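Taking it in order: structure first as structure tokens, then the write-up.
Remember, it's a predicted structure, so these values are computed and weren't measured experimentally. Both backbone and side-chain heavy atoms feed into the values below; hydrogens, waters and symmetry mates do not.
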Amino acid sequence: MRKNRPKDYDSSLFVAGWREWVALPELGIPAIKAKLDTGARTSSLHTFHLETFMDKGRHMVRFGLHPLQRRKDVEVFCTTEILDQRMTSDSGGKRELRWVIGTSISFGGMTWPIEVNLTNREDMRFRFLLGRTAMEGR
């Protein structure tokens, strides 16, 4: 153990940078670069061709995404249950009604459940934004 660590240092914690490669295994995404943003309350995932439908009484969403930055030739299509629809503000203050899904995230040797809103982030540098509520307790 390093000598300069504070007394209340918790060795179970890990250090994460402001950008990390993460996996969204329930969506079939083995790797996507995420921006970790404690200024953002919610997590956002880049989507396109988003459509909702009912399946056996469950409200579902089907969407495509480009998991790699600056590349449109790699596409992943996902189908999952919708948890909610919420008003969300982007970094410029523009409010938008977005679908919210539940999925798991894996990185830093851990996997845990998170909620993610779906929006077009095509013009954003990162296709996935990991907000502070998804990082609480990690």
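Listed by chain and residue number, nothing satisfies the salt bridge (Lys or Arg N to Asp or Glu O under 4.0 Å) test with Glu26 (two or more places apart in sequence, or in another chain). For Phe53, the side chain to side chain contact (heavy atoms under 4.5 Å, CB included) partners are Asp55, Met60, Arg62, Thr79, not counting sequence neighbours. Annotation: side-chain hydrogen bond (donor to acceptor under 3.5 Å, both in side chains) contacts of Asn120 (sequence neighbours excluded): none. Not a single salt bridge (Lys or Arg N to Asp or Glu O under 4.0 Å) links Glu75 to another residue, sequence neighbours left out. Residues satisfying the side chain to side chain contact (heavy atoms under 4.5 Å, CB included) test with Pro30, not counting sequence neighbours, are none.
Two residues are said to be in side-chain contact when any heavy atoms from C-beta on lie closer than 4.5 Å; Lys33 and Arg127 fail this criterion. Counting heavy atoms from C-beta outward, Thr42 and Leu129 have side chains that stay 4.5 Å or more apart. Annotation: side chain of Leu130 is not in contact with side chain of Lys35 (no heavy-atom distance under 4.5 Å). Side-chain contact check for His59 versus Thr52: some heavy-atom pair is nearer than 4.5 Å.
Ring centroid separation for the pair His49 and Phe77 does not come in under the 6.0 Å cut-off. Between Phe128 and Trp21, a ring centre-to-centre spacing not shorter than 6.0 Å is recorded.
When the side chains of ILVMFWY residues are joined at heavy-atom separations under 4.5 Å, either directly or via intervening members, Val76 and Ile105 end up in a single hydrophobic cluster. In the hydrophobic clustering of this structure, Leu45 does not group with Phe48; members are Ile, Leu, Val, Met, Phe, Trp, Tyr whose side-chain heavy atoms approach within less than 4.5 Å, directly or through other members. There is a path of hydrophobic side-chain contacts, each under 4.5 Å, that joins Leu65 to Leu50. There is no path of hydrophobic side-chain contacts, each under 4.5 Å, that joins Phe63 to Met54.
Between the side chain of Ser43 and the main chain of Gly131, a donor-acceptor pair closer than 3.5 Å is present.
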For residues 95-103, tabulate all N or O donor-acceptor pairs below 3.5 Å that involve a side-chain atom, not counting sequence neighbours.
from: Arg95; atom 1: NH1; to: Ser89; atom 2: OG; distance (Å): 3.3
from: Glu96; atom 1: OE1; to: Arg98; atom 2: NE; distance (Å): 2.7
from: Glu96; atom 1: OE1; to: Arg98; atom 2: NH2; distance (Å): 3.3
from: Glu96; atom 1: OE1; to: Thr119; atom 2: OG1; distance (Å): 3.0
from: Arg98; atom 1: NH1; to: Ser44; atom 2: OG; distance (Å): 3.2
from: Arg98; atom 1: NH1; to: Asn117; atom 2: OD1; distance (Å): 2.9

(request) Decide side chain to side chain contact (heavy atoms under 4.5 Å, CB included) for Phe107 and Leu24; before the verdict, give the C-alpha distance in whole Å, the side-chain angles of both, and the deciding distance to 0.1 Å. (result) CA-CA 9 Å; Phe107 83 101; Leu24 302 172; over 6 Å; no

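Counting all heavy atoms, side chain and backbone alike, Ile114 lies closest to Val116 at CD1-CG2, 3.6 Å.
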